[in-house]
Structures are given as C-alpha cells and as structure tokens.
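These notes are about the structure you will find just below.
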Amino acid sequence: MGMEGILGSLPYYSSNQVKNSFRESSGCKSVYEADPSAVIRKEEDGIVAKSHYTEEEALWNQYRKQYRDSLKIVDGKLVVNGDPRGILLGKVSQEEMEQFRLKLEQEGIGDDIDWRGVESDFKKMDVNFDNADCLNTKIDYIASRYAVLKDRIEKNYSGDEKERQLTRLNEIMDGARKTIVDSYCDSVGNFYEEYGHFGMKAELGESLSKGIDERVSQYEEHLKKSESYAALGDTTAKWLQQDDGYMATRLREDLAACGSTSAQTDKTGYTLWDLEIAGVYGAECKERLDNQGAFWSDNEQRLGLDLAVQGMKTDYLTKQAGLSGKMQNLLQDTFQNYKDKYVDLLEQMLREKAAHFHTPLKTGVDREEISEIYEYTMNQYRQSGDILGAFTKGAKHARSIFEAKFSDRSGIPGGYSAKYEWDNFFGRSSYAGIEKEDSMYEKYRKSISRFMESLESGENHKVNLLFNSSGDYELSLFA
C-alpha cells in the first residue's frame with residue numbers, strides 16, 4: 001500500500017466515488033490514494049479541475065482528513081488506528097455530515113497550511129502520450145494552487161518563518177514543474193526528435209518551463225487585482241476560505257470568467273496550447289504506427305485514401321486550432337516523415353508475415369499508386385477546404401482506379417479481398433457480420449465530423465484527431 005494515498009489531502013472524491021473505489025480495489029491499493037493524474041483527468045471522467053471541487057466535496061475532504069492517519073505502514077505491516085470503515089464504505093449519514101459542517105463553520109480548519117496534503121496533490125504530475133491532452137489542466141492546477149498558497153503565506157507569516165514557508169512551497173512547486181517538463185520532453189520531445197527535428201526536446205522543454213512561469217505569474221497577478229475573487233470573502237464560509245484547494249478552484253474559475261486563457265502567446269517559443277496539441281498529435285501518430293501491424297488492408301488505393309484523410313486532418317488542425325506559426329510548421333513537417341514511416345512499417349509487417357507461409361503473399365506495396373490517390377484527394381481538399389467533400393471525391397476516384405486495374409492484378413494475393421471491400425465501401429454489405437454496422441464510408445464520415453466538431457467546441461476542448469479513420473475503431477465510439 002502506497003503511503004502517498006494515506007497521507008494525501010484527497011481533495012477530489014465524493015462519498016459515492018469513495019464507495020465505488022473501495023468496491024473496485026484489489027486490496028493492495030488504498031481508497032485513500034490521492035492521484036492528481038486521475039483527479040484532473042479528461043472530460044469523459046467528469047473530473048475536470050477547472051469546474052471541480054465544490055463546497056460539498058470540500059466538506060467531504062475535511063471530514064475524511066480525520067481518518068487519514070488511521071492506516072499506517074509500520075515495519076512493513078499495516079496498522080489500523082481507529083475505525084475508518086465508515087469512510088471506506090461511504091457509510092456516513094447526512095446528519096453526521098451536517099453536524100460536521102456546523103463544526104467547521106464554528107471552528108474553521110485553521111490558517112496553517114496542510115503541507116502533507118499539498119505535497120501529495122503536487123505529485124504524479126507526469127505528462128506523456130496517455131494524458132497529453134491534460135497538460136494545460138495540470139499547469140492551471142499547480143499554478144493556481146501555488147498562487148493561493150503564496151498569498152496566504154505572505155499574509156499570515158513574517159520574518160524567518162515566512163521565508164521557511166515560502167521555501168517549502170517553492171520546493172514543492174519546483175518538483176512538480178520538473179516532473180511535468182521532464183516527462184513531457186522524454187515522451188513528446190523525443191517523438192519529434194525521432195521524426196527529424198533535432199534539438200526539439202530542449203526547445204519544447206524551454207517553452208514549457210517558461211509557459212509554466214508565465215501562468216503562475218498570471219494567477220498571482222489576477223489574485224491581487226480581481227475584485228470578484230476578493231469578494232468571495234463576503235459570501236464564502238471561513239472554513240472554505242481556509243481550504244486552499246477550494247480557493248484555487250475558485251481562482252481558476254474567476255480567471256476564466258475574465259476571458260483569460262492558458263494558451264499564452266510567446267513570440268520566441270511555443271504557447272502552452274501549442275505544447276498540448278503537439279502532445280496530442282504525437283500520441284495519435286505514435287498509436288497509429290504502433291498498431292500498424294493490425295492495419296486492415298494493404299490495398300494501395302485504400303492506403304492512399306487513408307493517408308490523405310490523415311493529411312487533411314493535419315492541415316486543418318494547423319489552420320483552425322489557434323496554433324502559432326512555429327507549431328503549424330512543426331506538425332506539417334512531422335506528417336511528411338510520418339507518412340513515409342507509415343508505409344515503411346506496413347511493408348515490414350507484410351514481409352514478416354509472408355516469411356511464415358509457403359504460398360506467395362504480398363511483400364510490398366506500390367508507392368506510386370498510393371501517392372496517386374493521396375495527391376488526388378489532397379488536391380481536392382486544397383481547392384475546396386472541405387475535408388468530407390474531398391474525401392468523398394477521393395474515395396470514388398480510388399475505387400474507379402482499383403476497378404480499372406483489377407483485371408490485371410486479380411492474381412495478386414489479396415486482390416479479391418480488396419475488390420470485396422471496394423464493392424461495399426459506400427454501402428453496408430449484406431454479409432456484414434455485425435447487425436447495423438456502418439459502411440466504411442460512414443465510419444470515415446463520422447470520424448471526420450467528430451474531428452471537426454472537436455475543434456469547434458471552444459477553449460480547453462479535447463481535440464479528437466481520430467487517425468484510425470479507416471474503421472478499425474470499436475463501434476461504440478460511433479454510437
């Protein structure tokens with residue numbers, strides 16, 4: 001059992017979440033475990049830090065702190081002090097919680113900083129391909145919390161004690177910043193270096209570190225100048241004002257209400273929004289390449305069409321996502337290298353597969369045929385700017401090219417399979433194994449629509465690149 005969870009301040013789970021966590025735990029993982037990488041997760045988890053940590057959650061957090069020392073590891077053994085079962089099972093009555101609220105309103109929670117909780121909440125700030133879309137959420141979280149804590153220290157302490165408190169806060173913040181920067185560079189930064197951009201790891205890391213500093217300064221400045229944030233003292237219970245996690249959430253909301261954004265402009269580097277999108281884009285490319293062996297078709301016309309969809313999405317992303325010119329160029333250049341690697345890996349997979357069979361199998365693809373469909377479709381897009389329209393024209397052209405060449409290629413392994421796929425590309429096959437399964441064209445269309453909708457959903461949205469546009473998704477994603 002990790003001691004971090006036992007010692008943390010656990011600011012973000014409701015009683016129902018605790019109950020579910022307990023039932024799903026394996027017995028070696030404490031339900032007390034505070035994990036900011038889960039806490040400030042993605043939109044589908046319903047735990048976005050910008051709008052999370054309500055008064056009720058703050059109340060539950062403070063109630064549970066009474067029991068965080070109930071479980072300890074002593075000499076490698078679990079020691080239980082007190083009876084935390086009510087917390088673990090979520091069996092705390094509404095009456096008891098209301099009595100605890102009244103106690104907090106009368107006594108408060110004190111102005112002393114819960115350093116143990118702060119240290120726990122600032123841990124596990126890694127940013128990698130699995131959570132690259134949470135980069136700005138994490139930065140906003142630590143920056144706003146830091147600003148609130150620094151303001152409290154400056155108001156409540158003086159002399160040497162003030163310096164000691166500030167030093168401790170800065171050490172915690174520096175550790176979180178280092179974790180974010182190092183993990184981002186080791187994953188996202190390395191990806192772009194591997195795709196031909198030497199020195200990009202250091203360049204992205206420098207922009208990220210600078211962006212975090214700028215974001216902290218922005219929260220500090222807003223905290224001091226905002227009349228609406230300051231006015232919370234007139235309407236917010238004293239114990240909530242003493243909860244720095246709660247006040248940090250209100251600070252984030254107040255700054256957002258003023259129209260501020262975490263995508264700050266830096267003329268000499270990349271914005272924080274640039275860096276988040278770079279991570280999302282790299283993750284999508286990496287996943288597609290890692291899964292290339294499971295690609296459903298080696299037909300050149302289909303390959304050209306699939307790459308064209310990815311190329312159109314890349315171009316549309318660079319033009320419509322509010323990225324800096326530097327980031328636009330980086331993504332466009334990366335896609336050209338990715339496109340070549342995409343075909344290289346497919347041919348490698350075909351050769352490896354053919355080596356295990358005595359009958360002739362396809363060991364390569366015709367890159368000129370792939371390029372023919374790719375360029376045709378991309379030209380349709382360049383002329384119109386319409387991804388779906390260009391894809392439709394490209395698909396029809398690709399099918400006609402395949403049909404014209406089919407008689408000459410019918411003896412090639414996989415030829416009849418490709419013909420079946422093209423015959424049923426625009427309409428659902430009567431032999432489809434899954435009832436009401438979409439046609440391949442419909443799957444492409446839905447992936448394109450979802451991608452474009454994700455760019456139109458406003459700030460702090462999650463971008464759905466959906467490079468797996470060829471239909472190898474689970475059908476539930478298109479429900």
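Being a predicted model, the structure only gives us computed values, none of them experimental.
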Side-chain heavy atoms of Tyr157 within contact of Arg164, under 4.5 Å: no

As an exercise, state the distance from NZ of Lys341 to CG of Leu345, rounded to the nearest 0.5 Å. 4.5 Å

Considering only NZ, NE, NH1 and NH2 on the basic side and carboxylate oxygens on the acidic side, decide whether Asp243 and Lys65 come within less than 4.0 Å. no

Report yes or no: does Gln328 contribute a side-chain atom to a donor-acceptor pair with the main-chain N or O of Leu323 at less than 3.5 Å? yes

Parallel, tilted or perpendicular, as decided by the 30° and 60° cut-offs, for the rings of Tyr63 and Trp60: parallel

Any donor and acceptor pair, going by atom type alone, linking the side chain of Asp315 with main-chain N or O of Gly311 inside 3.5 Å? no

Carboxylate-amine/guanidinium contact Arg64 Glu57, below 4.0 Å: no

Taking the side chain as C-beta and beyond, is there a heavy-atom pair between Tyr338 and Thr314 under 4.5 Å? no

Under a 3.5 Å distance rule, please check whether Ser183 uses its side chain to pair with a backbone N or O of Asp126 as donor and acceptor. no

Could you walk me through whether Tyr444 and Leu388 pass side-chain contact (heavy atoms from CB on, under 4.5 Å), step by step? CA-CA 9 Å; Tyr444 270 107; Leu388 183 58; over 6 Å; no

State, yes or no, whether a side-chain contact exists between Gln242 and Asp111 at a heavy-atom distance under 4.5 Å. yes

Indicate the atoms forming the closest heavy-atom contact of Ala143 with Val216, along with that distance. CB-CG2, 3.8 Å

Pairwise distance NZ(Lys138) to CZ(Phe122) - rounded to 0.5 angstrom: 12.5 Å

What one should report as the nearest heavy-atom pair of Tyr342 and Leu307 is CD2-CD2, 3.3 Å

Which atom of Ala321 lies closest to which atom of Leu455, heavy atoms considered: CB-CD2, 4.1 Å

Side-chain contact test, heavy atoms from C-beta onward, threshold under 4.5 Å: evaluate it for Asp151 versus Tyr219 and give yes or no. no

Minimal heavy-atom distance between Phe191 and Cys285, with the atoms involved, is CZ-CB, 3.6 Å

Before accepting this row, confirm whether a basic side-chain N of the pair Arg250/Asp254 lies closer than 4.0 Å to the acidic partner's carboxylate O. no

Does a donor on one side chain and an acceptor on the other come within less than 3.5 Å for Asn61 and Tyr246? no

Take atom CD of Glu206 as the centre, draw a 6.0 Å sphere, and report whether it contains more than 12 heavy atoms from other residues, nucleotides or ligands. no

Exam field: side chain Lys238 to backbone Gly108, donor-acceptor pair closer than 3.5 Å: no

I'd like to know whether Glu220 forms a side-chain contact (heavy atoms from CB on, under 4.5 Å) with Tyr146, so could you lay out the CA-CA distance, the side-chain angles of the two residues, the decisive distance to 0.1 Å, and finally the verdict. CA-CA 9 Å; Glu220 289 180 323; Tyr146 175 89; 3.4 Å; yes

Spatial distance of atom CE (Met327) from atom OH (Tyr270) [nearest 0.5 Å]: 5.5 Å

Value rounded to 0.5 Å, distance of CG in Leu330 from CG in Asp274: 9.0 Å

Would a distance-only check, ignoring hydrogens and angles, find a side-chain to backbone donor-acceptor pair under 3.5 Å from Glu221 to Gln218? no

Answer yes or no: are there more than 12 heavy-atom neighbours, outside Glu107 itself, under 6.0 Å from its atom CD? yes

So CG of Leu208 and CG of Asp213: to nearest 0.5 Å the spacing works out to 10.0 Å

Determine yes or no for a side-chain-to-main-chain donor-acceptor pair under 3.5 angstrom, with Thr179 supplying the side chain and Gly175 the backbone. yes

Which heavy atom in Leu275 sits nearest to a heavy atom in Ser207, and how many Å separate them? CD1-C, 4.0 Å

Do any N or O atoms from the side chain of Ser144 and from the backbone of Tyr141 form a donor-acceptor pair under 3.5 angstrom? yes

Val463 and Tyr281: CA distance, side-chain angles, deciding distance, side-chain contact (heavy atoms from CB on, under 4.5 Å) verdict: CA-CA 9 Å; Val463 173; Tyr281 189 84; over 6 Å; no

Enter the distance from Leu169:CG to Leu149:CG here, rounded to the nearest 0.5 Å. 5.5 Å

With under 30° as parallel and over 60° as perpendicular, where do the rings of His197 and Tyr192 fit, or are they tilted in between? tilted

Are any side-chain N or O atoms of Asp333 and backbone N or O atoms of Tyr195, one a donor and one an acceptor, separated by less than 3.5 Å? no

Could you check whether any side-chain N or O of Glu193 sits under 3.5 Å from a backbone N or O of Gly199, counting only pairs where one atom can act as donor and the other as acceptor? yes

Would you say Leu255 and Asp140 make side-chain contact, with heavy atoms under 4.5 Å? no

Using a strict 4.0 Å threshold on nitrogen-to-oxygen distance, state whether Arg445 and Asp438 make a salt bridge. no

Can you confirm whether Lys210 sits close enough to Glu214 that some side-chain heavy atom of one is under 4.5 Å from a side-chain heavy atom of the other? yes

Given side chains that start at C-beta, do those of Met312 and Gln380 come closer than 4.5 Å, heavy atoms only? no

Would you tell me whether Ser447 and Arg450 have side-chain atoms, one donor and one acceptor, within less than 3.5 Å of each other? no

Could you tell me whether Arg145 and Asp121 have a side-chain N and a carboxylate O separated by less than 4.0 Å? yes

Between Glu171 and Arg168, is there a side-chain N and carboxylate O pair less than 4.0 Å apart? no

Looking at Glu203 and Lys326, is there a salt bridge between them, counting it only when a charged N and a carboxylate O are closer than 4.0 Å? yes

Please check if any side-chain donor atom of Gln336 sits under 3.5 Å from a side-chain acceptor atom of Asp340, or the reverse. no

Salt-bridge contact Asp174-Arg177 (side-chain N to carboxylate O under 4.0 Å): yes

After noting the C-alpha distance and the side-chain angles of Trp239 and Leu59, does the key distance pass the side-chain contact (heavy atoms from CB on, under 4.5 Å) rule? CA-CA 9 Å; Trp239 71 271; Leu59 177 66; 3.9 Å; yes

Can any side-chain N or O of Thr167 pair as donor or acceptor with the backbone N or O of Glu163 at less than 3.5 Å? yes

Indicate the atoms forming the closest heavy-atom contact of Leu232 with Gln241, along with that distance. O-NE2, 4.3 Å

Heavy-atom distance under 4.5 Å between the side chains of Arg288 and Gln310, does that happen here? yes

